[in-house]
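Written out below as structure tokens is the structure these notes cover.
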Protein chains: 2
Amino acid sequence: MTQEKIDPRVLRTRKSIMDAFIELSTKKEFKDITVKDITTEAMVNRATFYAHFEDIYDLLEKVLSEVFLINLDHRILAENTFNEETVVSIFTAITNFQRSLSSRCHRGYEDTIARIIRDQLDVIFNKLLAAKHAEKDDDIVKRTTTMLSWGIYGASVEWRKNSMHLSPEVFIKKAIPFIFTGVELSYVGGDGDV
Amino acid sequence: MTQEKIDPRVLRTRKSIMDAFIELSTKKEFKDITVKDITTEAMVNRATFYAHFEDIYDLLEKVLSEVFLINLDHRILAENTFNEETVVSIFTAITNFQRSLSSRCHRGYEDTIARIIRDQLDVIFNKLLAAKHAEKDDDIVKRTTTMLSWGIYGASVEWRKNSMHLSPEVFIKKAIPFIFTGVELSYVGGDGDV
DNA sequence: GCCAATCTGTTGGGTAAACAACATATCTCA
DNA sequence: TGAGATATGTTGTTTACCCAACAGATTGGC
């Protein structure tokens, strides 16, 4: 696709900065972490940090995106199809991601995290839906993507708030009829009634 | 002392090459490890390897020296005194080092390893003895150092061959009288009779 | 034997990272 | 309030590393 060999020095530096940040996150709160802390831990020059990231918020964003992506089941995405399994898999990834975040401490950045997750969902859903509906109007696909991203994310918020006694899988399956047939809810496949 | 800030890139690169080598050593025999293998594992360019090491034997040597040094009790060395405790501590380090080597596989390099250990011992003993006998003839110290290095190393070989049923500590304590009083064996301190 | 493949060790030109130095916030505590 | 300390970004120069390409040595199969 669109990857023109990246210099291994760049990869190493980025990884070591991100690893350092993740490491520090387990020891201090985000607000107490300075760029100096990170570069010291990562054994890179402070100027090098700014060659790779806008600032510490940019780093936070990129780290979170990456951690979220790691939670995704790449086998599912690789198939590039959009079906019930896809939805369940992605929803599970969101809940896992949020669980892993709550163990580290990023208090006060819920909004940032929410935006990052939705952005990622948007990219993923857009790719999957564009493949499924190659012939359709781009804007239709975009509007659908937006609705899905916000909707699924909202579902995860609702799950966390009121329904953690249900498994993420069981929970999201109740949304499958809407996702696949809209408000008619005429979906009959799978086991939406579990 | 004699340390003029080393560029952190150099430190990182060296460490990552050495780590890669140690990692590979647990999977393959030394003779099957190529420079390419190491640099690939270490994520550095092959040319960079040659900027830091003569060749793969040079690397082996430096890695082993370092691993051996790690085995040493730095508290003992820091005191910079030469006494019974020093001897026991160093002897124990040698036996530990050899034990850790036998679990990795460097078959066919016993001679190299022996030389490395003796070289390290020589440096250490020379430092300790020079401090103890600052006023003595340098050559006397050097000759003593040589005898000690070879002697202690020989003792470790003998221990491995015929006396592994004894603890290294018990074993080497029987040599303490000779080390501290020469062939008169008139040493009376410590518990040489355990 | 011989050829193809692989490994070793070296080179020159290009690029990422180190470093020091600077101006500009933000903090902190007397 | 204001002065000293610490953090943020930025810049120009130097240095370590990347890379491609090379010749020569070793290895392994037919």
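Here is how names work: the chains are called A, B, and so on, in the same order as the sequence lines, proteins then strands, and each is numbered from 1.
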| request: For B:K36, check side-chain hydrogen bond (donor to acceptor under 3.5 Å, both in side chains) against everything at least two apart and list the hits. | output: B:T40

| query | Closer than 4.0 Å, any side-chain N/O of B:K5 to the OP1 or OP2 of C:dA20? | reply | yes

| request: Could you pick out which residue, A:D7 or A:T34, lies toward the 5' side of DNA chain D when each is mapped onto its nearest nucleotide? | output: A:T34

When the side chains of residues 59-68 of chain A are checked against the rest of the protein, which donor-acceptor pairs come out under 3.5 Å, sequence neighbours left out?
| residue | atom | partner | partner atom | Å |
| --- | --- | --- | --- | --- |
| A:E61 | OE1 | A:R115 | NH2 | 3.3 |
| A:E61 | OE2 | A:R115 | NH1 | 3.3 |
| A:K62 | NZ | A:D58 | OD2 | 3.2 |
| A:S65 | OG | A:E61 | O | 2.9 |
| A:S65 | OG | A:Q120 | NE2 | 3.4 |

| remark: For residues 152-171 of chain A, the salt bridge (Lys or Arg N to Asp or Glu O under 4.0 Å) pairs (sequence neighbours left out) are A:E169-A:K173

| said: Just to be sure I understand the geometry, which residues of residues 43-55 of chain B put a non-hydrogen atom under 4.0 Å away from DNA chain C? | reply: B:R46, B:A47, B:Y50, B:D55

| field | Ring centre gap for B:Y57 and B:F30 strictly below 6.0 Å | value | yes

| Strand-adjacent residues in residues 9-17 of chain B, judged by heavy atoms under 4.0 Å from DNA chain C | B:R9, B:R12

| request: Quick one: list whatever passes side-chain hydrogen bond (donor to acceptor under 3.5 Å, both in side chains) with B:N80, sequence neighbours left out. | output: B:K127

| Set of residues satisfying side-chain hydrogen bond (donor to acceptor under 3.5 Å, both in side chains) with respect to A:K136, sequence neighbours excluded | none

| query | Partners of A:T39 by side-chain hydrogen bond (donor to acceptor under 3.5 Å, both in side chains), sequence neighbours excluded? | reply | none

Validation: residues 44-53 of chain A side-chain donor-acceptor distances under 3.5 Å, sequence neighbours left out:
| residue | atom | partner | partner atom | Å |
| --- | --- | --- | --- | --- |
| A:N45 | OD1 | A:A47 | N | 2.9 |
| A:H52 | ND1 | A:R14 | NH1 | 3.3 |

| note | Contacted region of DNA chain D by chain A, from 5' end to 3' end of the hits, cut-off under 4.0 Å to heavy atoms, spans D:dA7 to D:dA20

| Connected hydrophobic set around B:V10, excluding itself, where side chains approach under 4.5 Å | B:I6, B:L11

| query | Partners of A:R12 by salt bridge (Lys or Arg N to Asp or Glu O under 4.0 Å), sequence neighbours excluded? | reply | none

